[in-house]
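The structure displayed is predicted, hence computed values, not measured ones.
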Amino acid sequence: MQPENKKRILVLGIGNILWADEGFGVRAVEEFHRHYVIDDNVTVLDGGTQGLYLVSFLEQADCLIVFDAVDYGLLPGQLKLVRDDEVPKFTAVKKVSLHQTGFQEVLSAADLLGRRPRELALIGCQPMNLEHWGGPLTTPVRLQIAPAIKLACKLLVQWGSPAKPRTAPLPASERLLANNIDRANYEMDAADLAARD
């Protein structure tokens with residue numbers, strides 16, 4: 001059971017794994033879940049491209065961490081942490097995909113209901129390639145998954161719910177994504193297809 005004084009925290013990954021670097025947020029939250037144990041007051045969620053369906057999850061959270069691919073106008077693979085009132089601005093800049101407008105709407109809907117998380121953190125990675133249908137993350141973006149997770153872990157410490165490293169990564173049966181779409185298997189399949197072309 002969750003202690004009364006603990007903040008309710010949502011760790012969310014959004015994006016579309018079918019469009020190369022657009023999958024950064026989902027891949028980051030997948031790796032976080034695979035390698036860390038969290039307290040009962042913390043929820044880890046693959047939000048994919050669910051848009052307004054995510055409002056109910058935001059309504060229940062005091063604090064929100066979002067992993068996402070964001071076009072900040074930086075060099076490919078650069079990470080940028082944006083906090084609180086700055087977050088909505090960056091979920092709308094230079095729209096890189098359909099889900100981003102959806103997430104700005106999610107924040108606005110939760111705000112209108114008076115139930116937006118009090119503390120927001122967007123851990124965004126500058127994408128390199130969003131045009132490769134079925135393609136994997138590019139190397140500069142993939143290399144930012146571990147640093148992005150470290151940033152999330154620092155935030156969880158600040159919010160009083162530190163993540164603890166697992167003694168061993170979760171088995172495939174307990175991961176957020178099914179075996180055929182987890183990053184390693186998905187990228188192996190994409191590489192096989194490219195080799196056949």
Side-chain angles (χ1 to χ4, degrees), residues 9-36 38 44-51 54 58 63-107 117 119-159 162-163 165 176-177 181-184 186-187 190-191 194:
I9 301 169
L10 176 61
V11 180
L12 176 67
I14 55 176
N16 188 336
I17 62 169
L18 299 178
W19 286 109
D21 290 340
E22 167 65 5
F24 171 78
V26 173
R27 296 311 188 191
V29 82
E30 170 189 40
E31 284 299 300
F32 174 78
H33 177 67
R34 191 168 165 242
H35 291 284
Y36 286 90
I38 38 94
V44 178
L45 181 66
D46 162 16
T49 57
Q50 294 180 59
L54 297 172
L58 266 67
C63 305
L64 171 67
I65 296 172
V66 181
F67 294 109
D68 194 10
V70 178
D71 187 352
Y72 292 117
L74 302 172
L75 291 173
Q78 282 194 270
L79 278 183
K80 183 170 181 172
L81 172 64
V82 178
R83 300 288 297 266
D84 302 321
D85 291 340
E86 295 295 304
V87 171
K89 295 176 194 173
F90 285 97
T91 59
V93 294
K94 296 183 184 173
K95 187 170 81 73
V96 296
S97 75
L98 294 175
H99 87 264
Q100 278 201 316
T101 298
F103 194 68
Q104 187 186 26
E105 289 168 357
V106 170
L107 286 174
E119 297 183 69
L120 304 174
L122 170 63
I123 300 172
C125 184
Q126 177 69 42
M128 180 174 175
N129 185 343
L130 300 168
E131 304 299 320
H132 188 178
W133 171 256
L137 296 178
T138 60
T139 300
V141 171
R142 188 179 70 251
L143 291 175
Q144 292 304 322
I145 290 175
I149 290 170
K150 281 187 181 173
L151 272 177
C153 288
K154 285 181 184 174
L155 289 164
L156 289 171
V157 167
Q158 289 172 19
W159 292 339
L176 288 178
L177 296 173
I181 58 170
D182 75 331
R183 190 179 65 79
Y186 181 81
E187 292 188 2

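- Here the shortest heavy-atom pairing between L74 and Q78 reads CB-OE1, 3.5 Å.
- Here the side chains of P76 and V141 are not in contact, with every heavy-atom distance at 4.5 Å or above.
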request  = Carefully, step by step, assess F32 and I65 under the rule side-chain contact (heavy atoms from CB on, under 4.5 Å).
outcome  = CA-CA 12 Å; F32 174 78; I65 296 172; over 6 Å; no
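- Rounding to the nearest 0.5 Å places CD of E22 at 10.5 Å from CG of L137.
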task = Might you work through the side-chain contact (heavy atoms from CB on, under 4.5 Å) test for L155 and I9, ending with a clear yes or no?
result = CA-CA 10 Å; L155 289 164; I9 301 169; over 6 Å; no
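- Taking CG of D21 as the reference point, atom CG of D71 lies at 11.5 Å (rounded to 0.5 Å).
- None of L12, I14, V11 except one satisfies the side chain to side chain contact (heavy atoms under 4.5 Å, CB included) rule with L45; the exception is L12.
- Note: F67 and F24 have perpendicular aromatic rings, judged against thresholds of 30 and 60 degrees for the angle between ring planes.
- Pairing each heavy atom of H33 with each of V44, the nearest pair is CB-CG1, 4.0 Å.
- Using a distance-only test at 3.5 Å, with no hydrogens or angles considered, a donor-acceptor pair links the side chain of Q126 to the main chain of Y72.
- The side-chain contact (heavy atoms from CB on, under 4.5 Å) search around P147 returns L79, Q144, not counting sequence neighbours.
- Summarising the geometry of I38 relative to A163, their closest heavy-atom pair is CG2-CB, 4.1 Å, with the distance given to 0.1 Å.
- Remark: side-chain polar atoms of D84 are paired, donor with acceptor, to backbone N or O of L120 under 3.5 angstrom.
- A 4.5 Å side-chain heavy-atom check between I149 and Y36 finds at least one atom pair inside the cut-off.
- In this structure, the side chain of N16 engages the main chain of L18 through a donor-acceptor pair within 3.5 Å.
- The salt bridge (charged side-chain N to carboxylate O under 4.0 Å, His left out) analysis of residues 119-129, with sequence neighbours excluded, yields the pairs K7-E119.
- Looking at heavy atoms from C-beta onward, R27 lies in side-chain contact with I17 at the 4.5 angstrom threshold.
- Listed by chain and number, the residues in a side-chain contact (heavy atoms from CB on, under 4.5 Å) with L143 are T139 (sequence neighbours excluded).
- The two residues L81 and A121 have their closest heavy-atom pair at CD1-CB, 4.0 Å.
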